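Single-structure report; data block below.
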Amino acid sequence: MDKLHFQKLTEGAILGFVVGDALGVPAEFMSREELAATPVVGMRSGGAHGQRAGTWSDDSSMTLCAMDSIIEKGIDYVDLMQRFSSWLWNGSNTAYNEVFDVGGTTKTAIFRFNKKTPPLECGEKQDYCCGNGSLMRIIPAALYIVGQYGNTDLDDRAAEIIHNISICTHAHPRCQMACGIYCSVIFRLCLGGELHKAVNDGICSALDYYKDKPEFTEVYHEFESLREIAAWPDDQICGSGFVLHTLQASLWCLMTTQNYAECVLKAVNLGRDADTTAAVAGGLAGLWYGEDAIPKEWTEVTAKYEKIKERCGKFA
């Protein structure tokens, strides 16, 4: 792939992710009904965390940590967890030198790493630990695999990287598979073409890959309905922090809208885990529509936007 084209894809995906996150922070924990009465239509301040407009959360912080790790070390799980630890304890890779949100499963994994547990043994495996904390930071891995190996489909090499990056904090097969499907969609979006076909091809390709993997047998059926996600009615989409809900919502928002802004605003206004849903959807929309499609009035107030854009170039 041409380097300049890959850089544009990276900028769109990462900056689209970060802006979506920042849009969603003030709406986090709000209900869908509350947001229907006072919908998010642009950057605003306040919310449960009391942050200024344009402030992004742990979603972007951990994504930037993953980018930095790949830039400096390639795929190195010790380095990745060290950067997560530095973020949590020292506020590195934060919008304004403050960690104001972190998931319980992620925090537990970092605690374990700090007590000398190997990275691939830190993640929670219980069924009740299936939040979206690894899905929200998997985009750099997908982009790395495209840039380094040219993948258009999941294969064992790509899946091992994706799964291991999830396992560092979220080791349940459901979380690993959600990350794999999301990355498979990214592989196909990078090829261009028609949006619905690219997303459907990514979903179906991933499902074909996981179909014969015994370690995913128990959760496989939960993902099969993604083949029809674009046709789901609004009331079947949930903005919770459950990893399957976040994957469903992000794909649905992308496939039922016509541009970047429409996609991320639809995601934010689902409520509940609004920042993560909008970030995960925004990464896809930014990749597809490009960085130029992100409204300038949003980018101008997003914390450290130009510095993140520079980092995208270094990553590419």
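Just so we're clear, the structure is a prediction, and the values are computed from it rather than from any experiment.
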May I ask you to check whether Asp59 and Ser57 show a side-chain donor-acceptor distance below 3.5 Å? yes

Any side-chain heavy-atom pair of Val102 and Phe84 under 4.5 Å: no

Are any non-hydrogen side-chain atoms of Ile229 and Met255 less than 4.5 angstrom apart? yes

What I want to check is whether the side chains of Ser92 and Ser86 have a donor and an acceptor closer together than 3.5 Å. yes

Heavy atoms, side chains only, cut-off 4.5 Å: are Tyr260 and Val264 in contact? yes

Are Asp156 and Tyr209 close enough that a side-chain donor and a side-chain acceptor fall under 3.5 Å? yes

Cluster check Met1, Phe315: I/L/V/M/F/W/Y, side chain < 4.5 angstrom: yes

Test item: Glu72 and Arg83 side chains (from C-beta on) under 4.5 Å apart, heavy atoms: yes

So SG of Cys65 and CD1 of Ile70: to nearest 0.5 Å the spacing works out to 11.5 Å

Would you sort out whether Glu222 and Val219 count as a side chain to side chain contact (heavy atoms under 4.5 Å, CB included), showing the intermediate values? CA-CA 6 Å; Glu222 298 177 11; Val219 298; 4.2 Å; yes

So how far is it from Ile139 CD1 to Ile186 CD1, rounded to the nearest 0.5 Å? 4.5 Å

On a heavy-atom basis, which atom in Tyr77 and which in Ile165 lie closest, and how many Å separate them? CE2-CG1, 3.8 Å

Identify whether the distance between the nearest side-chain nitrogen and carboxylate oxygen of Asp68 and Lys73 falls below 4.0 Å. no

Would a 4.5 Å heavy-atom cut-off, applied to side chains only, mark Arg112 and Glu124 as touching? yes

Within a 6.0 Å radius of atom NZ on Lys213, are there more than 12 heavy atoms belonging to other residues, nucleotides or ligands? yes

Tightest non-hydrogen contact, residues Ala22 and Met43, listed as CB-CE, 3.7 Å

Side chains of Lys211 and Thr217 in contact at under 4.5 Å (non-hydrogen atoms): no

Stacked cation flag Lys8 on Phe6, 6.0 angstrom / 45 deg: no

Of all the heavy-atom pairs spanning Ala267 and Ala278, show the shortest one and how long it is. CB-CA, 3.7 Å

May I ask whether Leu251 and Leu191 are part of the same hydrophobic cluster, defined by side-chain heavy atoms of I, L, V, M, F, W, Y residues being less than 4.5 angstrom apart, directly or through others? no

So, Glu28 and His49: side-chain donor and acceptor under 3.5 Å apart, yes or no? yes

Surrounding NZ of Lys3 (heavy atoms of other residues, nucleotides or ligands, distance under 6.0 Å), is the total greater than 12? no

I'd like to know whether the aromatic ring centres of Phe242 and His172 sit less than 6.0 Å apart in this structure. no

Evaluate Asn200 against Arg227 for side chain to side chain contact (heavy atoms under 4.5 Å, CB included), listing each step before the verdict. CA-CA 6 Å; Asn200 284 326; Arg227 299 178 195 269; 5.9 Å; no

For Lys197, does its backbone N or O pair with a side-chain atom of Glu194 as donor and acceptor, under 3.5 Å? yes

Is Lys309 paired with Glu291 through a side-chain N to carboxylate O contact shorter than 4.0 Å? yes

Report the C-alpha separation of Asp127 and Arg174 in whole Å, then their side-chain angles, then the decisive distance to 0.1 Å, and conclude whether the side chain to side chain contact (heavy atoms under 4.5 Å, CB included) test is met. CA-CA 9 Å; Asp127 194 63; Arg174 183 182 291 114; 3.0 Å; yes

Separation of Trp288 CH2 from Leu189 CG (nearest 0.5 Å): 6.0 Å

Flag, side chain of Thr302 to backbone of Val19, donor-acceptor distance under 3.5 Å: no

Just checking, any donor-acceptor pair under 3.5 angstrom between side chains of Ser240 and Asp273? no

With a 3.5 Å distance limit and no angle check, can you tell me whether Asp155 reaches the backbone of Ala158 through a side-chain donor-acceptor pair? yes

Please assess Glu11 against Arg311 for the test salt bridge (Lys or Arg N to Asp or Glu O under 4.0 Å), listing each intermediate value before the final yes or no. CA-CA 9 Å; Glu11 289 173 351; Arg311 202 178 311 183; over 6 Å; no

Examine Lys304 relative to Trp56 and say whether NZ or CZ is less than 6.0 Å from the centre of the six-membered ring and inside a 45° cone about the ring axis. no

Other residues, nucleotides and ligands only: do more than 12 of their heavy atoms fall within 6.0 Å of CD on Gln258? no

Can you check whether Ile181's main-chain N or O pairs, donor with acceptor, with Ser184's side chain at less than 3.5 Å? no

Minimum heavy-atom separation for Ser45 to Ala53, with atom names? CB-N, 3.6 Å

Is Tyr96 reachable from Val18 through a run of I, L, V, M, F, W or Y residues, each pair having side-chain heavy atoms under 4.5 Å apart? no

Spacing of Ile138 atom CD1 and Leu135 atom CG [to the nearest 0.5 Å]: 8.0 Å

Point-to-point distance, once rounded to the nearest 0.5 Å, from CZ of Phe111 to NZ of Lys107: 5.5 Å

Do Cys263 and Cys253 make a side-chain contact, defined as non-hydrogen atoms from C-beta onward lying under 4.5 Å apart? yes

Could you check whether Phe113 and Trp89 have their ring centres less than 6.0 Å apart? no

Salt bridge flag under 4.0 Å for residues Glu34 and Arg272: no

Rounded distance [0.5 Å steps], OG1 in Thr94 versus CG in Asp101: 13.0 Å

Look at the side chain of Thr38 and the backbone N and O of Leu35, then say whether any donor-acceptor pair between them is shorter than 3.5 Å. no

Residue that, paired with Tyr182, satisfies side chain to side chain contact (heavy atoms under 4.5 Å, CB included) out of Val243, Ile203, Thr246, Leu284: Leu284

Between Val268 and Gly20 the two heavy atoms that sit nearest each other are CG2-O, 4.4 Å

Look at the side-chain heavy atoms of Ile, Leu, Val, Met, Phe, Trp and Tyr, link any pair under 4.5 Å apart, and say whether Ile308 and Val25 land in one connected group. no

Please lay out, stage by stage, how Cys179 and Leu247 fare under the test side chain to side chain contact (heavy atoms under 4.5 Å, CB included). CA-CA 9 Å; Cys179 289; Leu247 179 63; over 6 Å; no

Would you say Asp153 and Ser205 are linked by a side-chain donor-acceptor pair, where the criterion is simply a distance under 3.5 Å? yes

State whether the number of non-hydrogen atoms from other residues, nucleotides or ligands found under 6.0 Å of Glu218 atom CD is greater than 12. no

Please state whether the rings of Tyr149 and Tyr144 are parallel, tilted or perpendicular, taking 30° and 60° as the class boundaries. perpendicular

Measure across Ser61 and Asn93 and return the closest heavy-atom pair with its distance rounded to 0.1 Å. OG-O, 2.6 Å

Tell me whether Trp298 is reachable from Val41 by hopping between hydrophobic residues (I, L, V, M, F, W, Y) whose side-chain heavy atoms are closer than 4.5 Å. no

Would you say Asp21's side chain and Phe17's backbone share a donor-acceptor pair under 3.5 angstrom? no

In this structure, is the centre-to-centre distance between the rings of Phe216 and Tyr210 below 6.0 Å? yes

Decide, yes or no, whether a salt bridge links Arg137 with Asp58 under the criterion of side-chain N to carboxylate O below 4.0 Å. no

Would you say that Leu88 contacts Thr106 through its side chain, given a criterion of any heavy-atom pair below 4.5 Å between the two side chains? no

Look only at the side chain of His170 and the backbone of Ser166, and say whether a donor-acceptor pair between them is shorter than 3.5 Å. no

